[in-house]
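Structure record follows, encoded as structure tokens.
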Amino acid sequence: MSEVRTRFAPSPTGFMHVGNLRTALYAWLLARSASGKFILRIEDTDQARYVENAVDVIYATLKSAGLEHDEGPDKDGGVGPYIQSERKGLYRQYAEQLVASGAAYYCFCDKNDEAADENAVHDAAEPCPGHCGELDAAVAAERVKNGEPHVIRQRIPRDGVSVFNDTVFGEITIENKVLDDQILLKRDGMPTYNFANVVDDHLMGITHVVRGSEYLSSTPKYNLLYQAFNWEIPQYVHLPLIMGRDAEGNVSKLSKRHGSVSFENLVTEGYLPEAIVNYIALLGWSPKSDREIFTLKELAEAFNVAGLNKSPAVFDYDKLKWMNSEYIKALPFEEFASKALPFTTVADSPLADSWEKIAALLHSRVETFADCQEKIAFLLEQPEYGVELFNHKKSKSTPENSAEDLPLIRERLAALEEWNAAAISDVLSKFAEETGVKAGRPMWQARIAVSGCAVTPGGPGEIMEILGKQVSLARIDAALSKF
RNA sequence: GUCUCCAUCGUCUAGAGGCCUAGGACACCGGGUUCUCAUCCCGGCAACAUGGGUUCGAAUCCCAUUGGAGAUGCCA
């Protein structure tokens, strides 16, 4: 029994789509759960799409997600290079081999002939306008020798059917005649994704090909290639697609128009990498239990291809948010405080020293770190508000009684020597007791006066402690001037 | 157009012939706790696409219909 080897083969586009990340996750999980190897290969065969530093984004994402690779451009495992552009010569050699055996042929048609009619439906029976497949091999070889621009196309049989077995979708049968003579080697000498994949997967000893189900219908073309080379066909694990819902309510493959779909975007929006990974693990796979929160390690232990689903899964931001909030709440306080700080402007404010107290207010109240700033903005600067905010039915607070009570409360507060939440609450409670009202009333009155918000994280004591005596009293004075 | 795949609450899913008057989670709606809010606790709403079979019995098997998605690139 040979060792399981899976690979993740992203193209360096500069950002990591969560769908790609999920593919990487499952490939990693499959390798780890079988004590196999996880290989990273960079698919940069499209020169036009080259993006600076894109490979670094891939490394950073994998690292941040915890998906460590065993082999890759930076970790030689003996089957490199792991970057396709550095393997360029190899592909030509293999493509020529196919031409020699008749499984492929040179095509001299102009790119533009085909591109002219962009939306034209491709007719598999007529792969190129020039019928290059029918050209005499010797004549074609001569033209190539003379430097005529060309591509190499795969010669697909016009009859028969291709049958293959997919780990999740089962047996798939496709008639060969609907397969087109796909291009293997481009005019620039670079291989196409499909061809490079087959060559590299074989050369790198990949045993399980984990990829999205959008490749299901082109898999026979891959297999025909493997057969032409007389190579062993790997085991396919096609994953259900991740879908997004647009404004009209239609679903389609998750893309930018559906919202933030890249890992790094999600992170900058305040999601924890662990939460993102946990969430996408459950998109298309089920542990077959009611459990939902898993660490990466636990996922590796629980992972089983039997739990892979066939139907597409809609990416649900609400559920991601919920999961993120679970992860945030589970964070040790110190860690929460240090991770949340950069999402606020507190560090550059007079309240910087009170950050821990502020963070304590936030910890159980945010779903993403991005929620932080908005929730504590009133501490940094009190918003404009009207006296009607003093109305609160339950505590029987009104602008009128607030105008009466607040000066008295202010007086007691001003006399306070120990300025902390407990002492402040105590003043408020005592005041209520002495005037014969429920504690809720002065609490509400005071909180509105110092915050200017109907809803705040924390109560009047906590808010005033953070604000400090001077600012708190000043805010009460400001409130008083409104009556 | 053609080919392929898919089909359980709004969403993610459990369910592999009787354990299903279909379970869990998110969202939503109530209630409780709380100095507002949040946390936390309790409860509720809500689905087997349709039609035929097969079977003593079907969400589970088969067929058709309908619906959805993907593929059909010198993109990956």
Side-chain angles (χ1 to χ4, degrees), chain A residues 9-11 13 20 43-46 48-49 107 109 111 114-115 118 121-124 150-153 166 169-170 172-175 177-180 182-188 190-194 196-197 211-220 238 240-241 243 245 249-253 279 282-293 306-307 309-323 325 329 361-367 375 392 394-395 397 425 428-429 432 438-444 446-448 451 453-463:
Chain A
S11 64
T13 56
N20 282 126
E43 310 235 332
D44 59 344
T45 55
D46 188 354
R49 281 215 207 170
C107 170
C109 293
K111 198 180 192 168
E114 286 183 279
E118 218 174 273
V121 178
H122 265 259
D123 183 357
H150 63 282
V151 300
I152 293 180
R153 283 183 188 273
D166 180 77
F169 288 88
I172 308 264
T173 303
I174 291 176
E175 288 187 274
K177 68 180 179 196
V178 304
L179 269 22
D180 63 343
Q182 66 174 344
I183 288 173
L184 267 20
L185 207 69
K186 300 185 248 189
R187 188 166 294 238
D188 63 4
M190 276 294 201
T192 53
Y193 165 83
N194 299 300
N197 243 267
R211 46 149 63 143
S213 67
E214 63 263 42
Y215 295 106
L216 222 36
S217 49
S218 55
T219 298
H238 283 98
L241 259 20
M243 316 295 278
R245 192 184 293 282
N250 301 313
V251 297
S252 53
K253 265 206 312 191
Y279 174 71
L282 264 23
L283 263 190
W285 175 78
S286 164
K288 307 273 183 189
S289 74
D290 289 342
R291 181 133 70 130
E292 301 203 276
I293 304 293
N309 232 305
K310 293 179 188 175
S311 23
V314 175
F315 194 94
D316 183 359
Y317 289 91
D318 280 337
K319 186 139 190 181
L320 204 214
K321 266 191 187 157
W322 165 76
M323 191 164 280
S325 74
K329 277 177 283 190
L361 258 30
L362 257 13
H363 203 173
S364 70
R365 280 173 249 253
V366 297
E367 291 188 305
K375 285 210 164 16
H392 186 237
K394 202 174 158 196
S395 69
S397 165
S425 291
L428 264 13
S429 301
K438 290 200 168 163
R441 197 209 273 185
M443 291 284 183
W444 182 274
R447 197 177 55 80
I448 297 302
S451 73
C453 301
V455 174
T456 60
E462 292 155 315
I463 293 172

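Because the structure is a prediction, the values reported are computed rather than measured. Labels below follow one simple rule: chain letters A, B, ... track the order of the sequence lines, proteins then strands, and each chain is numbered from 1.
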Closest approach to the side chain of [X], judged atom by atom: which nucleotide of [options] is it?
X	options	value
A:Ser364	B:rA38, B:rA76, B:rC6	B:rA38
A:Ile174	B:rC12, B:rU36, B:rC3	B:rC3
A:Thr192	B:rC12, B:rC74, B:rU36	B:rC74
A:Ser252	B:rA69, B:rC3, B:rG24	B:rA69
A:Met443	B:rU72, B:rC35, B:rC37	B:rC35
A:Lys319	B:rC5, B:rC12, B:rU36	B:rC12
A:Val251	B:rC12, B:rA76, B:rA69	B:rA69
A:Asn194	B:rC74, B:rA76, B:rC6	B:rA76
A:Glu43	B:rU11, B:rA76, B:rU34	B:rA76
A:Ala313	B:rU36, B:rC3, B:rC12	B:rC12

Length of the line joining [X]:[atom1] and [N]:[atom2], which is rounded to integer Å:
X	N	atom1	atom2	result
A:Ile152	B:rG73	CD1	P	19 Å
A:Lys321	B:rU39	NZ	P	14 Å
A:Lys253	B:rU4	NZ	C1'	14 Å
A:Glu367	B:rA27	CD	C1'	11 Å
A:Leu361	B:rC35	CG	P	15 Å
A:Asp290	B:rA14	CG	P	11 Å
A:Trp444	B:rC35	CH2	C1'	10 Å
A:Asp180	B:rU4	CG	C1'	14 Å

Kindly say if [X] contacts the phosphate of [N], meaning a side-chain N or O under 4.0 Å from OP1 or OP2.
X	N	answer
A:Thr45	B:rA76	yes
A:Lys375	B:rC37	no
A:Lys186	B:rC75	yes
A:Lys329	B:rC40	yes
A:Lys310	B:rC5	no
A:Asn309	B:rA14	yes

Can you tell me the base-pairing partner of [N]? Count Watson-Crick or G-U wobble geometry only, both distances below 3.5 Å, and say none if there is no partner.
N	result
B:rC28	B:rG44
B:rU34	none
B:rA14	none
B:rC5	B:rG68

Check A:Lys319 with A:Glu292, please: is the shortest side-chain N to carboxylate O separation under 4.0 Å? yes
Any cation-pi pair here, A:Arg447 with A:Trp444, using under 6.0 Å and within 45°?
yes
Which is true for [X] with a 4.0 Å heavy-atom rule: it touches a base, it touches only sugar-phosphate, or it touches nothing?
X	result
A:Thr173	sugar-phosphate
A:Met323	nothing
A:Gly212	nothing
A:Ser218	nothing
A:Val314	sugar-phosphate

Can you find a heavy atom in the side chain of [X] that is under 4.5 Å from one in the side chain of [Y]?
X	Y	answer
A:Ile448	A:Met443	no
A:Leu185	A:Val151	no
A:Met323	A:Leu282	yes
A:Leu184	A:Pro191	no
A:Glu214	A:Lys253	yes

Is it true that A:Arg187 and A:His150 share a donor-acceptor pair across their side chains at a distance under 3.5 Å?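 No, because no side-chain N or O of A:His150 sits under 3.5 Å from a partner of the opposite role on A:Arg187.
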Say you pick atom [atom1] in [N] and the same atom in [M]; how far apart are they, in whole Å?
N	M	atom1	answer
B:rA71	B:rU11	C1'	26 Å
B:rA49	B:rG10	P	11 Å
B:rA64	B:rG18	C1'	27 Å
B:rG23	B:rC29	P	23 Å
B:rC5	B:rA22	P	33 Å
B:rC12	B:rC28	C1'	16 Å
B:rG30	B:rU50	P	31 Å
B:rA7	B:rA16	P	16 Å

Determine whether a donor-acceptor pair (one donor, one acceptor, N or O, separation below 3.5 Å) exists between the side chain of [X] and the base of [N].
X	N	value
A:Lys288	B:rA14	no
A:Arg365	B:rU39	no
A:Tyr215	B:rA76	yes

What about A:Tyr279 and A:Tyr317, are their ring centers closer than 6.0 Å?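 No - the distance between ring centres of A:Tyr279 and A:Tyr317 does not fall below the 6.0 Å cut-off.
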Query raised in the report: If you find the nucleotide of RNA chain B closest to A:Pro460 and the one closest to A:Arg291, which residue's nucleotide is nearer the 5' end?
Result: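 Looking at RNA chain B, the more 5' nearest nucleotide goes with A:Arg291.
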A:Glu214 vs A:Ile172, nearer the 5' end of RNA chain B by closest nucleotide: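 The answer here is A:Ile172.
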